[in-house]
Amino acid sequence: MKLEIQARDIQIMKFVFACRVVSYSQIIRRHFPKTHEVVARRRIRGLADNGYFKISVLEIYGKAIRVVQPLPAIWPLIREKWPLVVDTPHFKSESLEHDVRMAEVFVRLEKLKCFRSFFTENLLQSSSALTEDPRFRDLAKIQSDGAMSVEDSKGNLRVFGIEYELNKKSPEGYRQKLIEYYLARGIDGVIYV
């Protein structure tokens, strides 16, 4: 059955594309806060059945969860819906678990009072506007997991790189990553999770 795409569906598609992998729970909490969970799950399934998402099961903390990944069919619907040019879209995740956990970090950060914007790694890699912007260029180059802007107590905009580590690195690996952030221009700091 062909779905009539609603404004909320577009927002869900943008969220899933930006994060590359999100859980049902993250979509429901973010886009269906006052809707019965069964209705929300049915809508997500409908979007998948219409070829917009791939649904799979992932084990996190010993618990199986349903995750959603974007399919290229969403692109014609969301291509023009960004506040910046997103001209090289990427759909495939290199690590489902990393990306779904990073999506949770994003969902929590956007609730901060000082929060202004967040560009995920996928947006940093998919937008020539971000790769050319002096504030975000170095974050795109070092493949940061995200770029968050916040407003400080004086009303100034601050940009932070976000780095999420799922697996332990060697001391040299951490050292190299921290050096890359230290040398990055346009940012005020890094939040390492």
Side-chain angles (χ1 to χ4, degrees), residues 1-35 39-56 66-94 96 98-112 114-137 139-140 143-151 157 159-162 164 186:
M1 183 172 98
K2 187 75 172 158
L3 276 182
E4 184 177 323
I5 299 300
Q6 302 169 0
R8 177 170 51 192
D9 298 329
I10 297 296
Q11 293 306 310
I12 293 167
M13 290 176 188
K14 287 176 62 181
F15 175 57
V16 173
F17 172 80
C19 296
R20 283 190 288 225
V21 182
V22 299
S23 69
Y24 265 51
S25 171
Q26 290 163 342
I27 293 172
I28 292 167
R29 283 183 281 133
R30 192 169 193 265
H31 297 284
F32 296 91
K34 296 178 180 172
T35 306
V39 174
R41 288 181 175 280
R42 199 174 297 140
R43 189 64 183 187
I44 297 166
R45 170 53 70 188
L47 290 166
D49 290 346
N50 278 264
Y52 299 117
F53 298 140
K54 175 184 175 187
I55 295 176
S56 53
R66 288 193 193 283
V67 295
V68 177
Q69 298 171 71
L71 293 173
I74 69 170
W75 195 241
L77 298 171
I78 66 171
R79 175 186 4 227
E80 304 296 325
K81 306 290 186 191
W82 303 97
L84 51 99
V85 176
V86 179
D87 47 1
T88 314
H90 300 283
F91 296 95
K92 189 165 171 46
S93 171
E94 294 174 15
L96 300 180
H98 175 276
D99 289 347
V100 77
R101 287 187 185 203
M102 184 57 216
E104 188 63 31
V105 171
F106 163 53
V107 167
R108 291 181 186 207
L109 288 174
E110 73 178 343
K111 291 180 180 178
L112 297 171
C114 60
F115 178 88
R116 294 299 169 262
S117 68
F118 192 96
F119 298 115
T120 63
E121 178 183 12
N122 198 31
L123 289 174
L124 288 168
Q125 300 303 314
S126 296
S127 171
S128 61
L130 290 173
T131 59
E132 294 168 6
D133 186 312
R135 295 169 300 166
F136 303 107
R137 177 178 37 224
L139 293 177
Q143 297 185 321
S144 179
D145 289 319
M148 179 176 66
S149 63
V150 297
E151 187 176 316
L157 202 61
V159 175
F160 291 87
I162 307 295
Y164 180 83

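Every heavy atom of this structure was used, including side-chain atoms; hydrogens, water molecules and symmetry mates were not.
Annotation for L84 and A129: closest pair CB-CB, 4.4 Å, computed over non-hydrogen atoms. Nearest approach of V159 to R135, heavy atoms of both residues: CG1-O, 4.2 Å. When all heavy atoms of G161 and L139 are compared, the pair lying nearest together is CA-CD2, 3.8 Å. M102 and Y164 get closest at one heavy-atom pair: SD-CB, 3.5 Å. Annotation for A103 and V22: closest pair CB-CG1, 3.9 Å, computed over non-hydrogen atoms. The two atoms that bring S144 and L124 nearest to each other are O-CD1, 3.9 Å, heavy atoms only.
The aromatic rings of F106 and F115 sit tilted, their planes meeting at an angle between 30° and 60°. Ring geometry for F17 versus W82: interplanar angle of 30 to 60°, hence tilted.
Here the straight-line distance linking atom CD1 of I74 with atom CZ of F53 works out to 6.0 Å at 0.5 Å rounding. To the nearest 0.5 Å, atom CD1 of residue I44 and atom CD1 of residue I28 are 4.5 Å apart. Distance check: E121 CD to C19 SG gives 11.0 Å after rounding to the nearest 0.5 Å. In this structure, the separation between CD1 on I78 and CG on D9 is 12.0 Å, given to the nearest 0.5 Å. The line from CG of N50 to CD of E4 is 12.0 Å long, rounded to the nearest 0.5 Å. Separating the CD1 atom in I12 from the NE2 atom in H31 is a distance of 5.5 Å, to the nearest 0.5 Å.
Annotation: side chain of M13 is in contact with side chain of I5 (closest heavy-atom distance under 4.5 Å). Looking only at side-chain heavy atoms (C-beta outward), F32 and V39 stay at 4.5 Å or farther from each other.
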Going by atom type alone, with no hydrogens or angles, which donor-acceptor pairs under 3.5 Å involve a side-chain atom of residues 85-92 and a protein atom two or more places apart or on another chain?
| from | atom 1 | to | atom 2 | distance (Å) |
| --- | --- | --- | --- | --- |
| D87 | OD1 | S128 | N | 3.0 |
| D87 | OD1 | S128 | OG | 3.4 |
| D87 | OD2 | S128 | OG | 2.5 |
| H90 | NE2 | T88 | O | 3.4 |
| H90 | NE2 | Q125 | O | 3.4 |

H98 vs D145, test: side chain to side chain contact (heavy atoms under 4.5 Å, CB included). Steps then yes/no. CA-CA 10 Å; H98 175 276; D145 289 319; 3.2 Å; yes
Let me see the working for Y52 and L77 under side chain to side chain contact (heavy atoms under 4.5 Å, CB included), right down to the final yes or no. CA-CA 10 Å; Y52 299 117; L77 298 171; 3.4 Å; yes
Take F15 and V68, measure what side chain to side chain contact (heavy atoms under 4.5 Å, CB included) needs, and give me the verdict at the end. CA-CA 10 Å; F15 175 57; V68 177; over 6 Å; no
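Of the possible polar contacts, one joining the S126 side chain to the N122 backbone as a donor-acceptor pair under 3.5 Å is found. K14 places a side-chain N or O within donor-acceptor distance of the main-chain N or O of K81, the cut-off being under 3.5 Å. Without hydrogens or angle criteria, T120 side chain to A18 main chain gives a donor-acceptor distance under 3.5 Å.
Every residue two or more places apart in sequence or in another chain was checked for a salt bridge (charged side-chain N to carboxylate O under 4.0 Å, His left out) with R137, and none qualifies. S149 meets the side-chain hydrogen bond (donor to acceptor under 3.5 Å, both in side chains) test with S117; sequence neighbours excluded. For D99, the salt bridge (charged side-chain N to carboxylate O under 4.0 Å, His left out) partners are R20, not counting sequence neighbours. R29 pairs by the side-chain hydrogen bond (donor to acceptor under 3.5 Å, both in side chains) definition with S25, E104, not counting sequence neighbours. In this structure, the side-chain hydrogen bond (donor to acceptor under 3.5 Å, both in side chains) partners of E110, at least two apart in sequence or on a different chain, are R30.
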